Number of protein chains: 2
Amino acid sequence: MSCVNEFAPQLRARGFRATPQRMVILHVLRHAGGHLTPSQVFEQARIDLPGLTEPTIYRTLEFLATSGFVLAAHVGNGKMVYELAEAQHHHLICRHCGASTEIEHAPLETLYHQLEVTTGYRLDSSHVTLFGLCPACQS
Amino acid sequence: MSCVNEFAPQLRARGFRATPQRMVILHVLRHAGGHLTPSQVFEQARIDLPGLTEPTIYRTLEFLATSGFVLAAHVGNGKMVYELAEAQHHHLICRHCGASTEIEHAPLETLYHQLEVTTGYRLDSSHVTLFGLCPACQS
DNA sequence: ATCCTTATTGCAAGTTTTTGCAATTGTATC
DNA sequence: GATACAATTGCAAAAACTTGCAATAAGGAT
Ligand SMILES: [Mn+2]
Ligand SMILES: [Mn+2]
Ligand SMILES: [Zn+2]
Ligand SMILES: [Zn+2]
């Protein structure tokens, strides 16, 4: 659990609490190499913290997402998935076979800037999911 | 209901059936000026077709979406929403107040093309949702 | 008009996600 | 270290969504 110590002061500095539930969930996300669904987070997290309940999983993941500690995404299977917010990236997913490719943020910069100018919105550049057909599924 | 007659032959031509359930749901979507959640579709549609059930709503909306008659989107409140697939467009939504602005597809063309070249995927350009802060919420 | 095939629906049950509220527990202050 | 306040949690119930399967009915063929 020492690998999530950094988060406690970050939470407190913003007026939030560093609860065991939050620490365990962050810990699970840190050691999962990729996107996890709420049930997957629940399965893992309850091992370290037996009393933990599902409503807390859902509420905590949403809290961590809106406060910027984790990224959320819809990846086409209907379920929301979460991961620790580390490197900036996006996803490109095959509608047919589900194959998925990571996209850097760089190629979206121009578009984001252009949209900010024309709409007046300030875009936050996080974790977009685009769909299409992968090379193998185009026949 | 004559306003959804066009869909019956389109369905049959592709080997699907033009069922009353599908016609009514398309009719509801045609007269709703915007995105509807499955429950909203259900409320409306059951008026015209009393026997209609929720599983049929969910399955039909998903069917219509994957076969291209309707567009689906996640608009930030956790619920999926649907609308008739007419003009090509995308959405820009304020994370803070929920305000939303439509985006033309044109500004995304360059990006899509660039991503197709670098990834080999063929992007289908439908109904992306981007998030940010609207002009009013940027203080 | 009737028959046949099979896509689609309804039903019943299961799973997932949300919500309201009272009890708990972090953390700031003394 | 003890106290007080408010954020956060667990609990119980509700709502939303999914699934398997048997019954129905759309549409093509005769
Ligand atoms: Mn990701
Ligand atoms: Mn739309
Ligand atoms: Zn594929
Ligand atoms: Zn706003």
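A, B, ... follow the sequence lines: proteins, then strands. Residue 1 opens every chain. These numbers were taken from a predicted model, which means no experiment stands behind them.
If you take CD of B:E62 and P of C:dT9, they are 13 Å apart, rounded to a whole angstrom. Separating the NZ atom of B:K79 from the C1' atom of C:dT16 is a distance of 12 Å, rounded to the nearest angstrom. One atom, NE2 of B:H74, and another, P of D:dA16, lie 17 Å apart when rounded to the nearest Å. Atom CZ in A:R14 sits roughly 11 Å away from atom P in D:dT8 (whole-Å rounding). B:M23 places its CE atom 17 Å from the P atom of D:dA25, with the value rounded to the nearest Å. The CZ atom of A:F16 sits 7 Å away from the P atom of D:dT8 (whole-angstrom rounding). With rounding to whole Å, A:Q10 atom CD is found 18 Å from C:dG26 atom C1'.
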Can you list, pair by pair, the side-chain donor-acceptor contacts under 3.5 Å of residues 41-48 of chain B, counting residues two or more places apart and other chains?
none

If you look only at distance, which donor and acceptor atoms sit under 3.5 Å apart when one is on a side chain in residues 15-27 of chain B and the other is two or more places apart or in another chain?
from, atom 1, to, atom 2, distance (Å)
B:T19, OG1, B:R22, N, 3.2
B:R22, NH1, B:R17, O, 2.9
B:H27, NE2, B:H31, NE2, 3.3

Quiz: residues 102-114 of chain A side-chain donor-acceptor pairs under 3.5 angstrom, not counting sequence neighbours:
from, atom 1, to, atom 2, distance (Å)
A:H105, ND1, A:H90, NE2, 2.8
A:H105, NE2, A:E109, OE2, 2.7

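Heavy atoms of other residues, nucleotides or ligands lying less than 6.0 angstrom from CZ of A:R30 number more than 12. More than 12 heavy-atom neighbours from other residues, nucleotides or ligands sit within 6.0 angstrom of NE2 on B:H89. More than 12 non-hydrogen atoms from other residues, nucleotides or ligands lie less than 6.0 angstrom from CZ of B:R95.
Annotation: side chain of B:L29 is not in contact with side chain of B:F69 (no heavy-atom distance under 4.5 Å).
Note on B:Q21: a side-chain N or O is less than 4.0 Å away from OP1 or OP2 of C:dG10. Put simply, B:T19 has no side-chain N or O that comes within less than 4.0 Å of OP1 or OP2 on D:dA25.
Note on B:F63: nothing from the nucleic acid sits closer than 4.0 angstrom, heavy atoms only.
Taking the screw axis at each terminus of the helix from C:dA1-D:dT30 to C:dC30-D:dG1 from five consecutive base pairs, the angle between the two is 30° to within rounding of 10 degrees.
A single hydrophobic cluster is not seen to contain both B:L84 and B:Y58; linkage of ILVMFWY side chains at heavy-atom distances under 4.5 Å, directly or through other members, places them apart. Criterion: ILVMFWY side-chain heavy atoms under 4.5 Å apart, direct or through other members. Under it, B:L71 and B:V4 are not part of a common hydrophobic cluster. Neither B:V75 nor B:L133 shares a network with the other; the hydrophobic side chains, linked directly or stepwise wherever heavy atoms of I, L, V, M, F, W or Y lie under 4.5 Å apart, form separate groups for each.
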Atom pairs under 3.5 Å: protein N/O with N/O of nucleotides 28-30 of chain D:
none

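Using a 4.0 Å cut-off on heavy atoms, the residues of residues 25-59 of chain A that approach DNA chain D are A:G51, A:L52, A:T53, A:P55, A:T56, A:R59, listed by number.
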Query raised in the report: Should B:H35 and B:H127 be marked as a ring pair (Phe, Tyr, Trp, His ring centres under 6.0 Å) after you check the CA-CA gap, both sets of side-chain angles, and the distance that decides it?
Result: CA-CA 12 Å; B:H35 298 155; B:H127 218 219; 5.3 Å; yes
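If A:N77 and A:R17 are placed on DNA chain D by their nearest nucleotide, the residue sitting closer to the 5' end is A:R17.
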